[in-house]
There are 2 protein chains.
Amino acid sequence: MSSIKEVAKQANVSVATVSRVLNNDPVVKPATKNKVLRVIKEMNYKPNMLAKNLRKQASRTIVMVLPSMSNPYFSEIARGAQAAAYDNAYNIIIGTIESKRWILDTYINMLKTNLAEGIVFVSSSVNKELLEELMDEYKIVLCTEYYPGINATCVAIDNKRAGYEATKELIRRGCSHIAYITGNRESSSVTARIEGYKEALKEAGIPYRPDRIAGAKNRFDHVKEAVNGIIGQGLPIDGIITHSDLQASYILKGIKEKSIALPERVGMISFDGTFLAEITNPTITTIVQPLYDLGYTSVHKLILKLVNESAEAGEEEGLVLLPHHMVIRET
Amino acid sequence: MSSIKEVAKQANVSVATVSRVLNNDPVVKPATKNKVLRVIKEMNYKPNMLAKNLRKQASRTIVMVLPSMSNPYFSEIARGAQAAAYDNAYNIIIGTIESKRWILDTYINMLKTNLAEGIVFVSSSVNKELLEELMDEYKIVLCTEYYPGINATCVAIDNKRAGYEATKELIRRGCSHIAYITGNRESSSVTARIEGYKEALKEAGIPYRPDRIAGAKNRFDHVKEAVNGIIGQGLPIDGIITHSDLQASYILKGIKEKSIALPERVGMISFDGTFLAEITNPTITTIVQPLYDLGYTSVHKLILKLVNESAEAGEEEGLVLLPHHMVIRET
DNA sequence: CTGAAAGCGCTTACAG
DNA sequence: CTGAAAGCGCTTACAG
C-alpha cells in the first residue's frame, strides 16, 4: 500500500501538495495538479482514511440503531437512512439492538471513542434515562419516538391524527367495539395514537373502555394473548387497530387457525404500510408511514447538526412530522 | 474530551504507562495500574479510537454487503453476522446495495482506504469480475453464493441436495408437472438446485422440461409473469418450487386475486424459511436455511482470515456447507 | 517495572 | 503557488 509520501516523491512535490490535490484545493497550479493526479493513478494510491480521520478529528461516520431488522418496518427506515448518509458523504453504521443492552452499549461506545459523530435512535432503541445522559454530550436524533420533557429532535408521523383516522374509518364502517392492540404502552407513539382513538370514539358517542386496549410485542404468542385477553373479558370485538402490520398478520394467522375467536372478515387497520400487509390473505388495511423518509430525514437532520456546529442550541430541536396516509385493503 | 496525556499527567505517570494499563499489559505494577485506572474513571476518559486505529494500522472493522434488507432472509443473515462480529470484538458495517453499483463501490472503498479490513459478500452482491479483481488484495468471504473457478471461501447450504429434496417431496405427493421459479439463473445456488431438481425427476422417471423453469426477482410482477409464462405455454403445473419464501407468497397472492390461474391448494415448496412462510394463508412448506448461522459463520471465517495472517494461502478457502431442513406446512 | 521518543499517514497554518 | 514542519492521540521497541 503506497502512502502519500511515495506519491510525493514520485511526483517531485511535497506531501502538502499531494494532500492539496487530494482535497481539491483550487490553489494548486493545474500543471502540478495533473502531474500529481497522474502519479496517484499510476501508483493506484488510495489515501489512508485512518490517518485522515485522526488528523481531522472526525470519522464522518454516524450510527443508527434499530430494535431489530426482522420487521420490514425497520429495514425501510434503514434504507432511507443509508441514502441520506450517502447523499452527504457520510458513512453510516446500522445496528440492531435485539433487546440486548450490551449491543446498544457497543454503539454508544463508538460515539464516546470518536468512531462515530452522532447517532439516530429508532423507535424505542433507547430509554429516557440513557437519552438524558447522552443528550448534552453527543449529537442525537430520535426517529418515530420521542420522550416528553426531553428537548431532542424527533422525526415521526402525527400519531394522534393517525390513530384518530384509523378509528374514524372503522366507525364509518359501523364498528363500535373497537379493540386496540398497542406496542409498548409507555411509548409516545402509542400514547398519541390512543389519544386519537379516544377522540374519534368520543366524537361518535362511543364509550371508551380501557379494557379494549392491550399491549403486545411483535410476536405471535404475544398478539394472540392480547386479543384473547380482551375477548376473554367477555368484550365483543367488531374492529381492531394494531400497532404494526406484523401484529395484524399474526391476528389473521390466529383467526385462521382458530386460536383467536374472531370472524374471518373482522375490520382491521394496522400501522406501517410494509409489504407484509399485501401478502396476507386477506390483505390488510393500513396506515402507511413514510418509512424511507423517516429514515432519510432523521439522518439528514443529524448531519445538519454535525455540520452546523455554530447553530445556537435548541434551534433545530423539536418534533418534525412527516405525512402518513391510509390504504384501504380487504380487512 | 480528555486525552491520554492528561490522564498521564493527572496520574503522575507517562503516557506509555497509561497506554499499557488501557491495553491490560500485565507488566505494569498493580499499584500503578490502580492509580491510573482511578484517574481514568475520574476523568471519564475514553481512548480515541481514531488514533489507535492509525497507530495499529487496523480498524477492527469489517463490512458485509447484502443486495437489500427488505427480504427477512437478509436480515437474519445480518443478525448472525452482527453477533459474530461482537463475539470477536470487531465492528461490522452492514450495507445494502439496492442494485446500485455506486453503493457497492462505497463499501469497497472502505477496504481500499483502510476503513475496513475485510468484506463478506452475501448472495449476488458482487459479480465474478469484481470479485476476481479484489480477491488477491483483500480478505473476502462469500455467503450463500460462490463462483465456479474462483477459489474463495464460501459459506452456503448444499443447494443441490436441497433442490433434490424439495422436488422429491412434491413427487412423493403425486406431483409430476413441477414448475421451478428461480432467482438469478446464473447464480450458483440456482444452478445447484436445478441440478438436484433434475436428478429427482430423473429418479422418478419424469421427463425434465426446461420450459417449466423461469427466473424472477423478488417482486410480485416478476413472479406473476414467470408463472404465467409457464402456464401460457400450455404446460400444466401441479407443483411449484420457488427460490424464496417471498416469491412463494407472491404466487399465493396471485392465485388469490386470480391473476395466476392455479388452484388454491397447489403443492408448493419455497426456500429460506423466514417468518413470511408462516404468515401467509395457506402457510408455505419451505426449505429452512440456517440463515443466522450462515451470517455468523461467514463473518467468523473472515475474522479467522484476518487474525491468522500467517496461515498459508488457500488453507481456509473453499465451500463450507451448513445443514438445511424442510418444514412441511400447508402448501 | 517505567519513561522518552519515534512514528502511524495524513492536514494545515505559516512562511516564502 | 509550494514546502517545511508541527501535530492529531495513540502504541511500542528500546533503554534503563
Side-chain angles (χ1 to χ4, degrees), chain A residues 1-40 43-61 89 91 109-117, chain B residues 1-40 43-61 89 91 109-117:
Chain A
M1 193 52 126
S2 41
S3 78
I4 199 174
K5 226 170 177 171
E6 299 166 56
V7 173
K9 185 189 282 181
Q10 197 74 21
N12 262 315
V13 295
S14 71
V15 293
T17 298
V18 177
S19 175
R20 290 194 187 98
V21 170
L22 247 21
N23 292 287
N24 258 315
D25 189 332
V27 85
V28 335
K29 203 163 58 172
T32 317
K33 182 174 173 174
N34 289 334
K35 185 173 58 177
V36 172
L37 248 21
R38 189 159 35 75
V39 173
I40 286 177
M43 304 184 70
N44 195 21
Y45 166 74
K46 285 279 178 183
N48 184 333
M49 292 305 285
L50 264 27
K52 178 167 184 166
N53 287 350
L54 171 61
R55 179 53 231 247
K56 300 204 81 170
Q57 292 288 64
S59 61
R60 272 199 98 76
T61 298
N91 296 314
N109 235 3
M110 300 188 77
L111 280 180
K112 295 189 175 174
T113 61
N114 295 42
L115 281 178
E117 301 180 21
Chain B
M1 194 51 126
S2 41
S3 77
I4 198 173
K5 228 170 177 173
E6 298 166 56
V7 173
K9 185 189 284 180
Q10 196 74 20
N12 262 316
V13 295
S14 70
V15 293
T17 298
V18 177
S19 175
R20 290 194 187 98
V21 171
L22 248 21
N23 293 287
N24 258 313
D25 189 332
V27 86
V28 336
K29 200 163 59 172
T32 317
K33 181 173 174 176
N34 289 332
K35 185 174 56 176
V36 172
L37 247 21
R38 189 159 35 76
V39 173
I40 285 177
M43 305 185 69
N44 195 20
Y45 166 74
K46 286 279 177 183
N48 185 332
M49 293 304 285
L50 263 27
K52 179 166 184 168
N53 287 349
L54 171 60
R55 180 52 232 246
K56 301 204 79 170
Q57 293 287 63
S59 62
R60 273 199 97 77
T61 299
N91 296 313
N109 235 3
M110 300 189 77
L111 279 180
K112 295 188 176 176
T113 61
N114 294 41
L115 282 179
E117 301 181 20

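Every chain is numbered from 1, with letters handed out A, B, ... down the list of sequences.
Defined by atom type and a distance below 3.5 Å, a donor-acceptor pair is missing between the side-chain atoms of A:N34 and A:K29. Counted by atom type alone, A:K52 and B:N114 present zero donor-acceptor pairs between their side chains at under 3.5 Å. For B:N109 and A:K46, the side-chain atoms include at least one donor-acceptor pair closer than 3.5 Å.
D:dT11 atom C1' lies 15 Å from atom NZ of B:K5, rounded to whole Å. Between the CZ atom of A:R60 and the P atom of C:dC10 there is a distance of 18 Å, given to the nearest Å. Rounded to an integer number of Å, the gap from CG of A:N48 to P of C:dC8 is 11 Å. When rounded to the nearest whole Å, the span between CD of A:E6 and P of C:dC8 equals 11 Å. Between B:Q57 atom CD and C:dC10 atom C1' the separation is 11 Å, expressed in whole Å. Taking atom CG of A:L54 as the reference point, atom C1' of D:dA6 lies 13 Å away to the nearest angstrom. For B:N53 and D:dT12, the CG to P distance is 12 Å, given to the nearest whole Å. Taking atom CG of residue A:L22 and atom P of nucleotide C:dG9, one finds them 14 Å apart after rounding to whole Å.
To the nearest 0.5 Å, atom CG of residue B:L50 and atom CG of residue A:N53 are 5.0 Å apart. Summarising the geometry, atom NZ belonging to B:K9 is positioned 9.5 Å from atom CE belonging to B:M43; distances are rounded to the nearest 0.5 Å. Summarising the geometry, atom CZ belonging to B:R20 is positioned 13.5 Å from atom NZ belonging to B:K33; distances are rounded to the nearest 0.5 Å.
One C1' atom belongs to D:dT12, the other to D:dG16, and the distance between them is 16 Å to the nearest Å. C:dT2 and C:dA6: their P atoms are spaced 23 Å apart (whole Å).
Each of A:S19 and B:V28 lies near DNA chain C, and the nucleotide nearest B:V28 is the one positioned closer to the 5' end. Residue order along DNA chain C, read from the 5' end via each residue's closest nucleotide, puts B:A16 first among A:T17 and B:A16. Each of A:N12 and B:P47 has a nearest nucleotide on DNA chain D; the 5'-most of these lies closest to A:N12.
Proximity note for B:V15 (side chain, C-beta onward) versus D:dT11, C:dG9, D:dT2: the nearest is D:dT11. Across D:dC1, C:dC1, C:dC8, the shortest atom-to-atom separation from the side chain of A:T32 is found for D:dC1. Considering only side-chain atoms of B:R20, the nucleotide from D:dT12, C:dG9, D:dG9 that sits closest is D:dT12. Of the candidate nucleotides C:dT12, D:dG3, D:dT11, C:dT12 has the atom lying nearest to any side-chain atom of A:K56. The nucleotide whose nearest atom lies closest to any side-chain atom of B:V27 is, among C:dT12, C:dC1, C:dC8, C:dC1.
Judged by atom type and distance alone, B:R55 does not reach the base of C:dG9 through any side-chain donor-acceptor pair under 3.5 Å.
Taking 4.0 angstrom as the limit, B:N23 places a side-chain polar atom (N or O) nearer than this to OP1 or OP2 of D:dT11. Between B:Y45 and D:dC10, a side-chain N or O to OP1/OP2 separation shorter than 4.0 Å is present.
Stem analysis of DNA chain C (at least three stacked-register Watson-Crick or G-U pairs, each with both distances under 3.5 Å) gives C:1-3 with D:14-16, C:5-12 with D:5-12, C:14-16 with D:1-3.
A:L54 is not listed as a side-chain neighbour of B:M49, based on a closest heavy-atom distance of 4.5 Å or more.
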Inset, instruction - Could you please spell out the steps behind the side-chain contact (heavy atoms from CB on, under 4.5 Å) verdict for A:V13 and A:T32? - result: CA-CA 8 Å; A:V13 295; A:T32 317; 4.0 Å; yes
